[in-house]
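Shown next, in structure tokens, is the structure this report addresses.
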2 protein chains.
Amino acid sequence: MKGIRALARHLDISIGTVSRALNGKPDVNPETRARVMEAARALGYTPNQSGRSLRQGVTNTIGFMIEMSPDANASGDDFFMGVFEGVQTVLNRHRLDLVVFPCPAEENPVDYLSRLVGRGMVDAMIISATRRRDDRIDFLEKTQLPFIALGRSESGPDMRWIDLDFEGVAHSSVARLVAKGHRRIALAIPDGDINLGHVFHDAYRAALSQHGIAYNPALLFRVARVLECGDDLVTALLALPELPSAILLSSEVMSLSLYRKLQERGIRPGRDIAVIGFRDNPRTSFLTPSLTCHSISLSDLGQTLAETLLAGIPAFADLYPGRDRNLIWPMALVQGESDDFDIVPER
Amino acid sequence: MKGIRALARHLDISIGTVSRALNGKPDVNPETRARVMEAARALGYTPNQSGRSLRQGVTNTIGFMIEMSPDANASGDDFFMGVFEGVQTVLNRHRLDLVVFPCPAEENPVDYLSRLVGRGMVDAMIISATRRRDDRIDFLEKTQLPFIALGRSESGPDMRWIDLDFEGVAHSSVARLVAKGHRRIALAIPDGDINLGHVFHDAYRAALSQHGIAYNPALLFRVARVLECGDDLVTALLALPELPSAILLSSEVMSLSLYRKLQERGIRPGRDIAVIGFRDNPRTSFLTPSLTCHSISLSDLGQTLAETLLAGIPAFADLYPGRDRNLIWPMALVQGESDDFDIVPER
DNA sequence: TTGAAAGCGCTAACAG
DNA sequence: CTGTTAGCGCTTTCAA
């Protein structure tokens with residue numbers, strides 16, 4: 001004998017009353033409720049989730065799908081941990097649980113996702129590492145399961161999403177460099193179909209154009225593995241007739257190998273070439289010269305992500321009214337030394 | 001009408017037969033089975049997990065609890081991502097799913113764990129970031145839920161665990177340094193109750209003693225935040241009457257801030273002080289001078305972790321016979337430049 | 001080889 | 001305020 005039935009028998013009352021007492025229903029004698037709560041605590045009773053889910057049709061669980069391919073994971077180590085923290089903060093308010101589903105690198109993300117959703121393991125999903133075109137989004141829209149994407153995509157024009165402010169980062173970076181006299185500004189983005197590369201690329205072009213600088217495709221570098229990009233990047237840079245005076249990175253972790261490889265070739269970041277990283281990441285904060293980048297509160301991002309998701313779930317929607325369906329998350333420039341020099345115009 | 005009932009009605013056969021067909025039971029007409037499989041595929045049917053779990057008493061889900069405090073999590077996402085990948089490889093063989101439970105930094109880990117387990121969300125658990133004394137272990141042993149720890153603990157003398165080879169790392173590091181003439185070898189470990197600090201400390205003492213070097217408590221440094229330890233560490237080093245000639249790190253990410261702060265004070269790692277990191281981490285592989293550390297296959301570790309866990313679950317135990325209940329995971333020294341100099345003995 | 005029916009643990013509707 | 005009961009979706013007897 002286990003579960004609520006054992007608890008009811010132990011208290012010598014019906015399981016219905018026990019259930020109502022435990023779930024805070026109003027029509028329970030306060031004294032009875034106290035006895036039930038106490039016994040539940042003493043016996044360590046926790047309602048079985050399968051039983052609840054089956055009966056109620058909801059799991060009280062929100063899934064967060066992450067991918068384990070190094071490619072999809074350029075955001076840098078502490079990124080997801082920080083976001084999870086914020087998401088939990090909000091979900092806890094509603095007694096919802098966050099569970100993370102790590103999609104193996106070799107498995108098809110849509111198959112993985114559809115298995116999870118089909119099994120009814122979650123009431124809603126958060127997906128990340130959005131592709132420019134992303135079949136997961138089409139799938140989720142078909143199932144009608146509430147979801148939100150951390151990252152925009154062409155596949156989901158009407159979906160809820162929050163994305164980092166690549167436009168703002170590109171504009172503030174370019175503006176800063178141009179003010180220092182730079183004209184030859186390169187860009188490094190991840191190869192492949194992760195959308196942030198495309199978005200950042202577009203934003204970079206727009207920013208250049210705003211400052212009257214012609215877009216030069218030779219200054220665009222697509223790197224295969226973000227962590228080990230330095231070698232390829234420096235080789236490509238040196239193959240140019242003239243070294244760019246600055247380079248923008250779409251992920252700050254690129255800076256680790258880039259700094260090293262530049263220095264091996266006698267090119268001093270912050271002196272011979274300006275480098276602007278992306279996010280303010282503790283793991284890159286000890287580079288010399290310090291990396292100019294953009295700060296963000298991961299926890300706040302996670303909270304807003306969760307709230308925007310809940311705004312799309314009928315049972316919670318009225319608690320988060322008037323919330324935008326999508327949002328560009330602002331980032332603030334953090335001045336470092338990696339771009340702190342002026343170009344002396346040639347005459 | 002949904003689920004298996006809808007499928008059965010659509011095929012005009014009983015739900016029992018559909019269930020048997022789908023689950024590969026032998027007593028089903030091959031033709032019937034084919035029809036069922038085809039219809040399931042066409043209608044996108046996936047059995048509801050709550051229904052299955054309730055009926056079968058198992059969830060086919062293995063939980064992996066991680067903690068989001070930066071302290072417990074210094075190695076960065078890539079450590080766990082690598083381990084997850086290996087764990088999944090093994091679990092997939094048995095159609096088991098891995099789900100990750102991120103415990104918020106401000107929540108009591110035991111409460112968090114007991115909620116999960118009480119709700120019956122998993123058939124077994126993997127825990128990490130073990131403390132020297134760890135209440136989660138006492139709890140799990142009480143519940144009888146199969147589990148394994150990634151990290152040893154005094155709380156679980158009989159539990160299954162796999163831990164990194166801190167002893168081997170300490171011994172090979174000290175031996176290497178002693179051979180180069182070092183005698184004043186410092187150690188940096190995380191402050192707090194995470195067990196690896198204690199284990200590494202003990203191993204370090206044993207290794208010193210093996211080489212006839214007296215343990216000097218003044219050369220032990222406990223750092224609060226692993227990522228930002230450089231400042232405190234260098235300050236403490238400089239407060240000593242004489243600079244140690246070498247320092248061992250219990251986490252390679254310490255090297256990031258340490259290198260920077262040493263260099264700010266004009267102390268050259270690999271020249272004025274030898275530094276030996278812990279794990280071979282892509283994020284530290286671009287330091288100059290390159291960090292001597294120890295390599296490990298995270299995926300293999302994850303696979304063995306999963307197999308050792310399964311060996312403790314009755315339903316799978318016979319598939320993994322003769323497996324040790326616990327294991328020290330070996331790591332191989334990777335020679336770098338950060339300790340590549342000899343001490344000239346004074347006369 | 002198939003159908004019918006019980007029951008996993010729980011909550012909600014209803015009767016008392 | 002409490003007890004009884006149906007039924008969530010599924011698998012597994014048991015009978016046919």
Side-chain angles (χ1 to χ4, degrees), chain A residues 1-37 39-40 43-61 95 97 115-123 315, chain B residues 1-37 39-40 43-61 95 97 115-123 315:
Chain A
M1 179 72 52
K2 275 183 46 185
I4 199 172
R5 180 160 268 115
L7 188 57
R9 181 150 318 179
H10 174 258
L11 287 161
D12 198 31
I13 56 180
S14 76
I15 62 171
T17 302
V18 173
S19 174
R20 286 191 302 266
L22 253 25
N23 289 297
K25 303 288 157 146
D27 54 352
V28 177
N29 185 315
E31 199 176 309
T32 309
R33 188 193 304 279
R35 283 212 312 141
V36 171
M37 297 302 253
L43 302 188
Y45 170 78
T46 312
N48 177 289
Q49 189 59 45
S50 298
R52 289 193 113 179
S53 300
L54 200 53
R55 173 63 225 231
Q56 305 194 117
V58 297
T59 60
N60 295 312
T61 295
R95 317 191 124 264
D97 274 314
R115 253 183 31 234
L116 294 180
V117 172
R119 291 182 180 181
M121 300 187 69
V122 296
D123 294 341
Chain B
M1 180 72 53
K2 275 183 46 185
I4 200 172
R5 180 160 269 115
L7 189 58
R9 181 150 318 179
H10 175 258
L11 288 161
D12 198 30
I13 55 180
S14 76
I15 62 172
T17 303
V18 173
S19 174
R20 286 190 300 264
L22 254 24
N23 289 297
K25 302 288 154 131
D27 53 353
V28 177
N29 185 316
E31 198 178 309
T32 307
R33 187 193 305 279
R35 283 212 311 139
V36 171
M37 298 302 252
L43 303 187
Y45 170 77
T46 313
N48 177 289
Q49 189 59 44
S50 298
R52 290 193 112 180
S53 300
L54 199 54
R55 173 63 227 231
Q56 304 194 117
V58 298
T59 60
N60 295 312
T61 295
R95 318 190 123 263
D97 273 315
R115 252 183 31 233
L116 295 180
V117 172
R119 292 182 180 181
M121 299 187 69
V122 296
D123 294 342

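We name chains A, B, ... by the order of the sequence lines, and we start the count at 1 in each one. Every heavy atom of this structure was used, including side-chain atoms; hydrogens, water molecules and symmetry mates were not. Keep in mind the model is a prediction, meaning the values are calculated, not measured.
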- Answer whether the closest heavy-atom distance between the side chains of B/Asn60 and B/Arg95 falls below 4.5 Å. no
- Item | Beyond-backbone contact of B/Arg52 with B/Asn23, side-chain heavy atoms, under 4.5 angstrom | yes
- Message: A side-chain contact here means heavy atoms from C-beta on lying under 4.5 Å apart; do A/Met37 and A/Leu22 qualify?
- Response: yes
Please tabulate, one pair per line, all N/O donor-acceptor pairs under 3.5 Å involving side-chain atoms of residues 7-16 of chain B, not counting sequence neighbours.
from, atom 1, to, atom 2, distance (Å)
B/Ser14, OG, B/Thr17, N, 3.3
B/Ser14, OG, B/Thr17, OG1, 3.1

- Message: The criterion is side chain to side chain donor-acceptor pair (under 3.5 Å); which residues satisfy it with B/Thr59, sequence neighbours excluded?
- Response: B/Asp123
- Rounding to a whole Å, what distance do you find between B/Arg33:CZ and C/dT1:P? 10 Å
- Looking only at side-chain N and O atoms, does B/Thr32 come under 4.0 Å of OP1 or OP2 in C/dT1? no
- Message: Return a single string for nucleotides 7-16 of chain D, one symbol per nucleotide in 5' to 3' order, where B is base contact, S is sugar-phosphate-only contact and - is none, cutoff 4.0 angstrom on heavy atoms.
- Response: BBBBBBB---
